[in-house]
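Worksheet: the structure to be examined is printed underneath.
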Amino acid sequence: MNSNKKEKKNADIEVGSTKPTNFIKEIIEEDIEKGKNDGRVHTRFPPEPNGYLHIGHAKSICFNFGVAQEYNGLCNLRFDDTNPTKEETEYVDSIMADIRWLGYDWENRLYYASDYFGTLYEYAVDLIKKGKAYVCDLSADEIREYRGTLTEPGKESPYRSRSVEENLDLLERMKNGEFPNGARVLRAKIDMAAGNLNMRDPVMYRILHAGHHRTKNEWCIYPTYDWAHGQSDSIEGITHSLCDIAFEDHRPLYDWFLIQLGVHKPQQIEFARLNLTYTILSKRFLRRLVEERYVNGWDDPRMPTLSGLRRRGYTPESIRNFQERIGMAKRASVVDIALLEHTLREDLNVRANRVMAVLNPLKVVIENYPEDKVEELNAINNPEDESAGSRKIPFSREIYIEADDFMENPPKKFFRLSPGNEVRLKHAYFIKCEKVIKDKSGKVIELRCSYDPATKSGEATDGRKVKGTLHWVSAGHAVDAEVRLYDHLFTKEDPNEVEEGKDFTSNINTDSLKVLSGCKVEPSLASAKPGDRFQFLRHGYFCMDPDTKNGKLVFNRTVGLRDTWAKVKGK
RNA sequence: UGGGGCGUCGACAAGCGGUAAGUCACCAGCCUUUGGAGCUGGCAUUCCCAGGUUCGAAUCCUGGCGCCCCAGCCA
């Protein structure tokens with residue numbers, strides 16, 4: 001019936017069709033083949049140091065650095081620091097740390113657009129001399145009016161025909177600080193009737209009497225991004241300028257500048273930015289989450305920032321893998337966050353050591369186990385990785401199990417502990433529930449069980465099988481811990497889908513953080529370090545939080561295990 | 001009503017004239033000392049729509065339709 005399809009699949013695998021491909025790599029490969037740029041590939045990641053990097057930026061970072069690696073090229077890190085009123089050194093530092101954490105290295109190629117302020121000024125003088133730029137005295141409001149609208153052409157500025165000499169003089173005096181903020185700007189002289197608004201005499205320089213994080217008070221005119229960006233790429237010899245689709249409309253302008261200047265012209269190629277379900281990725285909105293205290297800072301484990309994901313326990317490998325799998329295209333799309341969580345589990349599954357932690361403890365007394373006896377049982381650290389070895393865990397008469405693992409009146413498919421039922425304790429023995437102890441309100445507070453000494457290490461000598469396996473912790477040896485359970489920050493796939501008059505904050509999930517205290521974890525965890533990742537058996541992956549101090553253990557749930565039981569139960 | 005871009009499974013995404021890859025999600029089963037992992041199978045007779053070209057079209061042509069972006073001295 002479908003054998004056709006199957007054969008075809010196998011054939012594809014043999015042929016090696018696995019090489020990931022996308023339209024940008026195709027272009028690059030063609031360029032290499034044609035010998036364009038002498039076959040060089042040189043990209044760059046150009047962040048503005050005005051905020052923290054998030055998973056959307058990671059798409060660009062992974063692609064720019066990744067493509068350079070793949071084609072034996074180079075990738076620069078360049079800070080686009082053209083607006084001193086918004087940029088700070090703090091952000092420069094966090095951005096560099098995040099890129100390194102992701103696993104990329106710009107070696108000695110760290111640049112700043114501000115490195116080029118001098119060259120840019122010379123370029124501007126050149127354009128004025130060529131009659132391609134002029135100083136305009138219109139106010140910001142007037143410039144907007146003169147720009148026209150989407151459907152109507154703009155009008156030319158009355159200052160558009162100033163002489164080259166006057167423009168040169170005025171620009172120099174702008175640079176020398178003779179005019180107040182906003183008094184004049186330098187504009188490109190292109191076409192006020194252009195359908196593309198970016199070509200309607202865009203502003204190149206504005207007067208800003210503001211200190212810059214690097215050039216301090218050297219300048220009081222600053223280039224706009226549009227004027228700085230393309231030339232910065234050109235100066236660095238970038239061959240392929242890969243950027244957000246938002247700049248597609250700007251490409252004709254960048255090309256125009258470069259052609260007028262007669263300098264190296266990188267090829268700009270745009271790709272769609274990343275969107276994720278249940279997530280917001282706009283710097284402005286993320287800032288609001290922090291400033292209005294919906295979260296506890298930029299590195300709150302619920303934030304999609306790289307610092308938040310890191311604290312949550314994400315691995316750089318899982319993020320890189322995710323970026324690889326979502327592909328690279330131009331169409332606007334929203335990736336299911338389940339894919340990100342999948343690449344995370346996939347990575348953590350092979351590298352996280354298994355450990356036992358009881359989040360919601362229920363005491364169990366094993367009545368036929370000797371009072372003072374303690375056994376050191378052997379436990380495999382990671383069934384997916386033999387080299388991870390094993391450890392000893394203490395077992396004794398009194399233990400804690402997960403409250404959810406016991407039901408007095410279980411439904412049909414429940415194969416955990418219930419009165420009269422036998423289950424296996426992971427790495428230990430079979431136990432059977434003999435008696436249920438409740439408090440006056442009827443709540444189960446303790447179980448009395450019996451164990452079968454012949455089932456040590458978890459297997460019965462008589463061959464009888466048991467359906468359930470529970471994790472546990474020895475009551476007398478367990479260590480207390482606080483566990484933080486996270487859920488999506490928003491209740492809607494699209495956080496921006498809101499009623500009239502409301503904004504994304506109305507979709508914030510008020511249960512996105514649950515703090516559990518009094519959790520009981522196995523003693524080996526006492527020596528863990530912040531950042532260490534584990535699989536809490538049957539629960540999920542957890543990461544020790546830096547809030548851990550003075551013996552108070554704090555763990556973040558990075559992501560839960562797939563929970564088939566929850567699905568069965570839900571039906 | 002100007003300019004730019006995009007439309008292939010629930011979500012991503014290959015495909016580049018030869019008869020719809022893969023991944024996630026989902027469903028079913030096997031296996032299991034994690035109801036984890038793993039394994040097996042299922043999941044687009046159809047590619048926004050309509051015409052046309054062709055022996056043959058998701059791929060080429062024509063005309064529609066839909067969606068996204070642009071009117072910062074932000075980036």
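Chain identifiers are assigned alphabetically (A, B, ...) following the order of the sequence lines, protein sequences preceding nucleic acid strands; residue numbering begins at 1 within each chain.
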Answer with base, sugar-phosphate or nothing: what part of the nucleic acid does [X] contact at a heavy-atom distance below 4.0 Å?
X: A:E459; result: base
X: A:Y429; result: nothing
X: A:Y205; result: nothing
X: A:L138; result: base
X: A:H539; result: nothing
X: A:I326; result: sugar-phosphate
X: A:R562; result: sugar-phosphate
X: A:K330; result: sugar-phosphate
X: A:I143; result: base
X: A:S139; result: base
X: A:H229; result: nothing
X: A:K413; result: base
X: A:R424; result: base
X: A:R416; result: base

5'-most by nearest nucleotide on RNA chain B - A:A246 or A:K59: A:K59

Along RNA chain B (nearest heavy atom to each residue), the more 5'-positioned of A:H342 and A:H427: A:H342

Proximity to the side chain of [X] - top-ranked nucleotide from [options]:
X: A:Q535; options: B:rU34, B:rC73, B:rC70; answer: B:rU34
X: A:D336; options: B:rC73, B:rA11, B:rA37; answer: B:rA11
X: A:S333; options: B:rG5, B:rC12, B:rC73; answer: B:rC12
X: A:Y225; options: B:rG35, B:rA75, B:rC12; answer: B:rA75
X: A:R206; options: B:rU23, B:rC73, B:rA37; answer: B:rC73
X: A:K426; options: B:rC74, B:rC70, B:rU34; answer: B:rU34
X: A:T224; options: B:rU23, B:rG35, B:rA75; answer: B:rA75
X: A:A140; options: B:rC73, B:rG35, B:rG3; answer: B:rC73
X: A:A338; options: B:rA71, B:rA25, B:rG36; answer: B:rA25
X: A:E384; options: B:rC12, B:rC74, B:rG36; answer: B:rG36

Within the sub-3.5 Å range, which N or O atoms of nucleotides 14-17 of chain B have a protein N or O partner, and how far apart are they?
from: B:rA14; atom 1: OP1; to: A:M328; atom 2: O; distance (Å): 3.4
from: B:rG15; atom 1: OP1; to: A:E26; atom 2: OE2; distance (Å): 3.4
from: B:rC16; atom 1: N4; to: A:E26; atom 2: OE1; distance (Å): 3.2
from: B:rC16; atom 1: N4; to: A:E26; atom 2: OE2; distance (Å): 2.3

Ring centroid separation A:F117 to A:H212 under 6.0 Å: yes

A:Y541/A:F534 aromatic ring centres below 6.0 Å: no

For nucleotides [N] and [M], find the distance between their [atom1] atoms and express it as a whole number of Å.
N: B:rG17; M: B:rU23; atom1: C1'; result: 27 Å
N: B:rC74; M: B:rC60; atom1: P; result: 42 Å
N: B:rU40; M: B:rG35; atom1: P; result: 22 Å
N: B:rC73; M: B:rC16; atom1: P; result: 44 Å
N: B:rA57; M: B:rG64; atom1: P; result: 24 Å
N: B:rG72; M: B:rU53; atom1: C1'; result: 49 Å
N: B:rC9; M: B:rG22; atom1: C1'; result: 13 Å
N: B:rG51; M: B:rC6; atom1: C1'; result: 23 Å

A:Y254 and A:H229 aromatic ring geometry - parallel, tilted or perpendicular at 30°/60° bounds: tilted

Parallel, tilted or perpendicular: ring planes of A:W219 versus A:Y121, cut at 30 and 60 degrees: tilted

Is [X] close enough to [N] that one of its side-chain N or O atoms is under 4.0 Å from OP1 or OP2 there?
X: A:H471; N: B:rU34; value: no
X: A:R538; N: B:rG35; value: yes
X: A:R147; N: B:rG2; value: no
X: A:T343; N: B:rC24; value: no
X: A:T564; N: B:rG36; value: yes

Nucleotide B:rG2, atom P - distance to CG of A:N196 in whole Å: 15 Å

Between [X] and [Y], a side-chain donor and acceptor under 3.5 Å:
X: A:Y52; Y: A:D98; answer: no
X: A:E341; Y: A:Y314; answer: no
X: A:E375; Y: A:Y429; answer: yes

Nearest-0.5 Å distance, CD1 of residue A:I393 to NZ of residue A:K426: 9.5 Å

Closest approach of A:S241 to A:R44 (non-hydrogen atoms, all atoms of both residues): C-NH2, 3.6 Å

Shortest non-hydrogen contact from A:E346 toward A:N321: OE1-OD1, 4.2 Å

Could you tell me which nucleotide pairs with [N] by Watson-Crick or G-U wobble geometry, both distances under 3.5 Å, or answer none if nothing does?
N: B:rC9; result: none
N: B:rC26; result: B:rG42
N: B:rC60; result: B:rG52
N: B:rU19; result: none
N: B:rC74; result: none

Partners meeting salt bridge (Lys or Arg N to Asp or Glu O under 4.0 Å) with A:R320 (sequence neighbours left out): none

Side-chain ion pair, [X] and [Y], N-O less than 4.0 Å:
X: A:K392; Y: A:E376; answer: no
X: A:R162; Y: A:D137; answer: yes
X: A:R538; Y: A:E402; answer: no

Check: A:D249 side chain, B:rG3 base, donor-acceptor under 3.5 Å: yes

Shorter than 3.5 Å, N or O on both sides, protein versus nucleotides 65-68 of chain B: list them out with atom names.
none

B:rG7: syn or anti, per glycosidic angle within 90° of 0: anti

